[in-house]
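In each ligand, atom 1 is the first atom listed, and ligand 1 is the first ligand listed. All residue numbers refer to positions in the sequence shown, counting from 1.
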Amino acid sequence: MPTALIIGASRGIGLELVRQYLADGWRVIATARSEADCKRLAGMRAHSYQLDVTSADSIAALGWNLDGEMIDATFLNAGQFGPRHDGFPTQQEFDTVMHTNVLAAMRLLPLIAPMAETVRGKIAVLSSVMGSIGQRGGANATLYRASKAALNSVLMDSAISYGPKGVTCIAFHPGWVKTDMGGSGAEIEVDVSVRGLRATLAKAGPEANGTFLNYDGTPIPW
Ligand SMILES: NC(=O)c1ccc[n+]([C@@H]2O[C@H](COP(=O)([O-])OP(=O)(O)OC[C@H]3O[C@@H](n4cnc5c(N)ncnc54)[C@H](OP(=O)(O)O)[C@@H]3O)[C@@H](O)[C@H]2O)c1
């Protein structure tokens, strides 16, 4: 039975990833910030661990809990959009977005990659087309865009480090999805996005290492 690890599984895309992998017969390890969300995930038959991705101690504890695991598919999903205004971000806003979207990936990817090596596993980060520099369609949400561009850079470094060891690392845009972050006016339902993300990851071979893909597999310029 393959194992999936979903980081940030309390709601939205992360929760739907848990639902779909479980429905497909996978063993699922899921993390959430609150104890109540972890209990709910455990009630769905996921192995759940409490994790705040902005806390180094919390990430270290996850490392201990996952010792010896072999993980076929990982989605680093936890993310923050940050301020909806277009003024200067405050220090607090900057730290929250950058720590959640970038620093967490810098800490988590090296921790998870060795657990993927033995099973030639795949690691996906939830980036966004808003972080693309080559396909920049607007200048709103500057902080979020910068954080996802930086996340893409971290992902590429992981692809270079772990690709030769058999791990396939991919940055994904999930579409504009109807979640708390995407809003009710978004383009696609969460189950459609997640079906696409899972299918694209399943199809991806080593040649997909270090790519930036839409949920349907279409390449996106960095
Ligand atoms: N929805 C879209 O249209 C869209 C488009 C492009 C990219 N994305 C990306 O896709 C990912 C998922 O988005 P979504 O739409 O499902 O967002 P969402 O509904 O806002 O959910 C965000 C998830 O991230 C978790 N999270 C935030 N900060 C965390 C922290 N410090 N530690 C642990 N977990 C934390 C949240 O947990 P809590 O419940 O504890 O807050 C929640 O599970 C994000 O990375 C987002 O940037 C989304």
Side-chain angles (χ1 to χ4, degrees), residues 5-20 29-41 44 46 48-62 74-84 92-109 123-132 135-138 140-141 143-152 154-155 170-194 196-198 200-201 212-216 218 220:
L5 169 63
I6 314 299
I7 305 281
S10 63
R11 54 196 166 96
I13 293 167
L15 181 59
E16 183 62 18
L17 281 163
V18 173
R19 276 203 197 102
Q20 290 194 18
I29 303 168
T31 78
R33 264 199 288 203
S34 79
E35 200 179 334
D37 285 325
C38 284
K39 279 194 182 141
R40 196 157 56 96
L41 290 163
M44 294 166 66
S48 69
Y49 295 106
Q50 221 173 327
L51 174 70
D52 180 340
V53 301
T54 63
S55 157
D57 289 346
S58 190
I59 288 174
L62 181 75
T74 296
F75 278 89
L76 178 46
N77 171 76
Q80 292 278 353
F81 192 82
R84 301 268 169 182
Q92 182 61 52
E93 288 168 341
F94 183 89
D95 289 350
T96 299
V97 172
M98 287 296 186
H99 290 189
T100 309
N101 297 359
V102 187
L103 180 58
M106 289 178 169
R107 289 171 167 163
L108 281 162
L109 294 179
I123 298 179
V125 299
L126 267 290
S127 178
S128 171
V129 73
M130 289 179 75
S132 168
Q135 192 176 307
R136 186 62 54 102
N140 64 317
L143 176 55
Y144 181 73
R145 289 178 187 278
S147 76
K148 293 299 188 179
L151 172 63
N152 286 352
V154 176
L155 184 279
I170 300 174
F172 273 111
H173 173 59
W176 184 19
V177 191
K178 290 179 189 168
T179 60
D180 292 339
M181 187 184 294
S184 55
E187 279 168 1
I188 57 170
E189 301 293 336
V190 70
D191 61 311
V192 173
S193 169
V194 168
L197 290 168
R198 291 177 57 243
T200 303
L201 192 73
F212 184 16
L213 304 176
N214 194 28
Y215 71 101
D216 62 4
T218 311
I220 298 174

Legend entry - ligand 1 N/O within reach of Ala9 N/O, cut-off under 3.5 Å: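 Checking ligand 1 against Ala9, no N or O pair falls under 3.5 Å apart.
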
Ligand-residue contact atoms, ligand 1 with [X], heavy atoms, under 4.0 Å:
X      : value
Trp176 : 3 (O)
Gly182 : 1 (N), 3 (O)
Gln80  : 27 (C), 28 (N)
Asp180 : 19 (O)
Tyr144 : 6 (C), 7 (C), 8 (N), 9 (C), 46 (C), 47 (O)
Ser128 : 6 (C), 7 (C)
His173 : 6 (C)
Thr100 : 28 (N)

Legend entry - Heavy-atom closest pair, residues Ile188 and Gly175: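 So the two residues come closest at CD1-CA, 4.1 Å.
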
Inset, instruction - Looking only at non-hydrogen atoms, find the nearest pair between Gly131 and Arg136 and report the distance. - result: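 Shortest heavy-atom separation between Gly131 and Arg136 comes out as O-NH2, 3.4 Å.
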
For [atom], which protein heavy atom lies nearest, and how many Å away is it?
atom                    : result
atom 1 (N) of ligand 1  : Thr179 OG1, 3.1 Å
atom 16 (O) of ligand 1 : Ile13 N, 2.9 Å
atom 34 (N) of ligand 1 : Ala78 CB, 3.5 Å
atom 17 (O) of ligand 1 : Met181 CB, 3.5 Å
atom 18 (P) of ligand 1 : Arg11 NH1, 3.7 Å
atom 32 (N) of ligand 1 : Val53 N, 3.0 Å
atom 38 (P) of ligand 1 : Ser10 OG, 3.4 Å
atom 7 (C) of ligand 1  : Ser127 O, 3.1 Å

Is there a side-chain contact between [X] and [Y] (heavy atoms, below 4.5 Å)?
X      : Y      : answer
Arg145 : Asn140 : yes
Leu108 : Thr74  : no
Tyr215 : Val177 : no
Leu41  : Ile6   : no
Leu15  : Met44  : yes
Met98  : Leu143 : yes
Tyr144 : Met181 : yes

[X] near ligand 1, heavy-atom distance under 4.0 Å?
X      : result
Gly183 : no
Gly175 : yes
Lys148 : yes
Pro174 : yes

Inset, instruction - Apply side-chain contact (heavy atoms from CB on, under 4.5 Å) to Arg198 and Leu17, showing your working. - result: CA-CA 8 Å; Arg198 291 177 57 243; Leu17 281 163; 3.9 Å; yes

Inset, instruction - Report the part of Phe81 in contact with ligand 1, treating N, CA, C, O as backbone and CB onward as side chain, heavy atoms under 4.0 Å; options are side chain, backbone, both, neither. - result: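 Answer for Phe81: neither.
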
Inset, instruction - Record the part of Asn101 in heavy-atom contact with ligand 1 below 4.0 Å; permitted values are side chain, backbone, both and neither. - result: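 Answer for Asn101: neither.
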
Inset, instruction - State the NE2-CD distance between His99 and Gln80, to the nearest 0.5 angstrom. - result: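 Interatomic distance, His99 NE2 to Gln80 CD, rounded to 0.5 Å: 12.0 Å.
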
Inset, instruction - With rounding to the nearest 0.5 Å, note down the distance linking CD1 in Ile123 to CZ in Phe75. - result: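 One finds 11.5 Å between CD1 of Ile123 and CZ of Phe75.
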
Inset, instruction - For Phe81, look at atom CZ and say whether over 12 heavy atoms of other residues, nucleotides or ligands are found less than 6.0 Å away. - result: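 Enclosed: over 12 neighbouring heavy atoms sit under 6.0 Å from CZ of Phe81.
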
Inset, instruction - Starting from the C-alpha separation in whole Å, work towards a yes-or-no answer on side-chain hydrogen bond (donor to acceptor under 3.5 Å, both in side chains) for Thr218 and Asp216. - result: CA-CA 6 Å; Thr218 311; Asp216 62 4; 2.8 Å; yes

Legend entry - Audit row: Ile13, Leu197, side-chain contact (heavy atoms from CB on, under 4.5 Å) steps and yes/no: CA-CA 10 Å; Ile13 293 167; Leu197 290 168; 4.1 Å; yes

Legend entry - Option of least heavy-atom distance to atom 24 (O) of ligand 1 (set: Gly8, Ser193, Gly79, Ser55):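 Among Gly8, Ser193, Gly79, Ser55, the closest heavy atom to atom 24 (O) of ligand 1 comes from Gly79.
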
Inset, instruction - Check each of Asn77, Asp37, Val129 against atom 44 (C) of ligand 1 and report the one with the nearest heavy atom. - result: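 Closest candidate by heavy-atom distance is Asn77.
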
